[in-house]
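What follows is a short report on a single structure.
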Amino acid sequence: MFDLFARVFGREDASKDVAKERLRLVLMHDRGSLSPQALEDLKNDLLTVISKYLDIDQEGFQVDFSRHDESMALVANIPIKRRRV
Amino acid sequence: MGEAIVITSGKGGVGKTTTTANIGAGLAQAGSKVALIDADIGLRNLDVVMGLENRIVYDLVDVVEGFAKLRHALIKDKRFENLQLLPAAQTRDKTAVSPEQMKDLVETMKEEFDYVLIDSPAGIEQGFKNAVAGADKALVVATPEVSSVRDADRIIGLLEAYEKHKPYLIINRIRPAMVKRGDMMDIDDMIEILAIELIGVVPEDEAIVISTNRGEPAVMNQNSRAGEAYRQITRRLRGEEVPFPKLEEESSLFGRIRRMMGLKG
Ligand SMILES: Nc1ncnc2c1ncn2[C@@H]1O[C@H](COP(=O)(O)OP(=O)(O)OP(=O)(O)O)[C@@H](O)[C@H]1O
Ligand SMILES: [Mg+2]
């Protein structure tokens, strides 16, 4: 009753809800990330596989994580020169 | 063959050593044969929390380097005949032992003890890797705060990568009054976020400070709420089904007055 009163009359959100929301976002990021070394390895592996099929522009080849509202995504930009097979 | 349990957290100062001491004493009190390993090389503390600091002759590094026999380095606790402590070296650092050496040591100790509890240092570097190397099971200690939960999540990810048995969560220093007014994450919030099984909830308790002052684990104190929580964890570890009690508020004078005036509930 007391708490409801306080909340109706303009008290801010319960701070634990703020904590939970912040944790949700930061953990989404932490869980989805790779170390810089692992990301570099991933890039090189991708490059090897893709190069079997396509001749790609290695300079413009980019792989990175990005946050999409509710989840993390791995986004790759792979400029193609021509196909190999 | 005994079981090796590592007590870890990622973040420092959240209660790993306190937890190790209390669960160790609790298990010994319940009749199990227990060894405690202080794996926090360079920053040893389990000895003082247990009140055994005056009896150290050899340490973990002496044993690993073959300079002392394990049985000469183990300190017997006079209060419980079936509890022994292997202290950390104080003047060395984490690189003085390797994960392989720790694993061998823990394996040897498991032959003699029912439980080998390993107090991990904070962090995710070599000290942590040493501490988890020989463990069959991990208890992750976290307080209901953003930074502690975040670090616990990181540790859980690493433990899964090492393919340890699934880790169990101990929530430490929870303050029921703050939970009640929505200013502290509650048990369900923490389980939801970390998605691991709960094995204990230890309230914030002055008795912890007092018992640490004296070097007598709170689990020995029948009047301590934290002590009761540790006794319950002990029973769960020994395989008993112990229900989780509802969080009780500390009876502050203010709380009692509010209740008397009918302002609560
Ligand atoms: N439930 C509790 N109630 C009150 N005080 C507590 C509680 N748990 C731990 N403490 C206090 O918190 C402090 C840190 O505890 P402890 O040394 O066990 O943490 P730790 O995780 O081992 O730290 P480190 O990372 O430095 O090894 C100590 O002073 C201890 O007395
Ligand atoms: Mg400690």
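In what follows, every chain begins at residue 1, and chains take the letters A, B, ... in the order their sequences are listed. Note that these values count all heavy atoms, side chains included, but never hydrogens, waters or copies made by symmetry.
- Across all their heavy atoms, M185(B) and K16(A) have their closest contact at N-CB, 3.8 Å.
- Applying the 6.0 Å contact sphere to CD of Q62(A) captures no more than 12 heavy atoms from other residues, nucleotides or ligands.
- For chain B, the nearby part of R31(A) is the side chain; its heavy atoms alone come within less than 4.5 Å.
- Between the CE atom of M190(B) and the NZ atom of K20(A) there is a distance of 11.5 Å, given to the nearest 0.5 Å.
- Crowding of F65(A) atom CZ: a count of heavy atoms from other residues, nucleotides or ligands under 6.0 Å exceeding 12.
- No side-chain heavy atom of I193(B) sits under 4.5 Å from any side-chain heavy atom of R24(A).
- The 12-atom threshold is not exceeded at CD of E125(B), counting heavy atoms of other residues, nucleotides or ligands nearer than 6.0 Å.
- Heavy atoms only, all atoms of each residue included: A14(A) and G182(B) are closest at CB-O, 3.2 Å.
- Closest non-hydrogen pair, A19(A) versus V146(B), comes out as CB-CG2, 3.7 Å.
- The CG atom of D189(B) sits 7.5 Å away from atom CG of D17(A), with the distance rounded to the nearest 0.5 Å.
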Exercise. Go through the steps for D30(A) and R154(B) under the test salt bridge (charged side-chain N to carboxylate O under 4.0 Å, His left out), then give the verdict.
Key: CA-CA 8 Å; D30(A) 287 358; R154(B) 186 97 166 79; over 6 Å; no
